[in-house]
Amino acid sequence: QVQLVESGGGLVQAGGSLTLSCAASGRTFSTYAMGWFRQAPGKEREFVAAIDWNGSSTYYAYSVKGRFTISRDNAKNTVTLEMSGLKPEDTAVYYCAADVRGPSITLDYNIWGQGTQVTVSS
């Protein structure tokens with residue numbers, strides 16, 4: 001199975017942009033649907049975006065739709081989350097996740113990365 005490593009987090013001002021990347025090890029990346037989730041302090045982990053195996057279908061949480069874009073490059077074993085129009089409420093640890101069963105807006109993914117911190121200052 002793949003292993004996932006997120007990168008690209010950091011501190012950004014409100015209204016700014018940030019791009020997160022998730023690098024997957026292994027040769028079977030294209031067989032996994034991918035998702036991005038986030039968890040703010042004291043809150044439950046929540047769905048952000050998901051993408052199917054070849055990138056033909058994407059899904060977004062209402063709170064980020066129109067501001068965030070998920071994409072993948074199966075040749076490079078990466079999935080990317082482009083974030084713009086960032087708000088202080090987007091502050092969280094962002095996790096990427098993988099599952100062969102397909103994209104889901106629930107936490108039902110069997111592989112998770114360690115997360116990367118995104119902080120949006122007001």
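Heavy atoms only: backbone and side chains are in, while hydrogens, waters and symmetry mates are out.
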Looking at [X], I'd like to know if its [atom1] atom is crowded, meaning that more than 12 non-hydrogen atoms belonging to other residues, nucleotides or ligands lie closer than 6.0 Å.
X	atom1	result
R27	CZ	no
E46	CD	yes
I105	CD1	no

For L86 and M83 the tightest heavy-atom approach is CD2-CB, 3.8 Å

Nearest non-hydrogen partners of D108 and D99, listed with the distance: O-OD2, 3.5 Å

State the [atom1]-[atom2] distance between [X] and [Y], to the nearest 0.5 angstrom.
X	Y	atom1	atom2	answer
Y60	I51	OH	CD1	7.0 Å
Q117	T91	CD	OG1	7.0 Å
C22	Y94	SG	OH	15.0 Å
Y59	S104	OH	OG	10.0 Å
I70	E82	CD1	CD	10.5 Å
Q114	C96	CD	SG	10.0 Å

Determine the interplanar angle of the Y109 and F37 rings, folded into 0 to 90°, and report it as parallel if under 30°, tilted if 30 to 60°, perpendicular if over 60°. perpendicular

Counting only N and O atoms by type, is there a donor-acceptor contact under 3.5 Å from the side chain of [X] to the main-chain atoms of [Y]?
X	Y	result
Q13	S121	no
N74	W53	yes
S122	P88	no
D52	A33	no

Any chain of hydrophobic side-chain contacts (each under 4.5 Å) joining [X] to [Y]?
X	Y	result
V2	V79	yes
L4	W112	no
V120	Y95	no
L81	V5	no
V93	L20	no

Would Q1 and I111 count as a side chain to side chain contact (heavy atoms under 4.5 Å, CB included) if you check the C-alpha gap in whole Å, the side-chain angles of each, and the deciding distance to 0.1 Å? CA-CA 8 Å; Q1 66 181 23; I111 302 171; 3.8 Å; yes

Quick one: are W36 and T80 in side-chain contact, heavy atoms under 4.5 Å? no

Measure the shortest side-chain to side-chain distance between V118 and R38 over non-hydrogen atoms and say whether it is less than 4.5 angstrom. no

After noting the C-alpha distance and the side-chain angles of L107 and E44, does the key distance pass the side chain to side chain contact (heavy atoms under 4.5 Å, CB included) rule? CA-CA 11 Å; L107 296 175; E44 294 184 350; over 6 Å; no

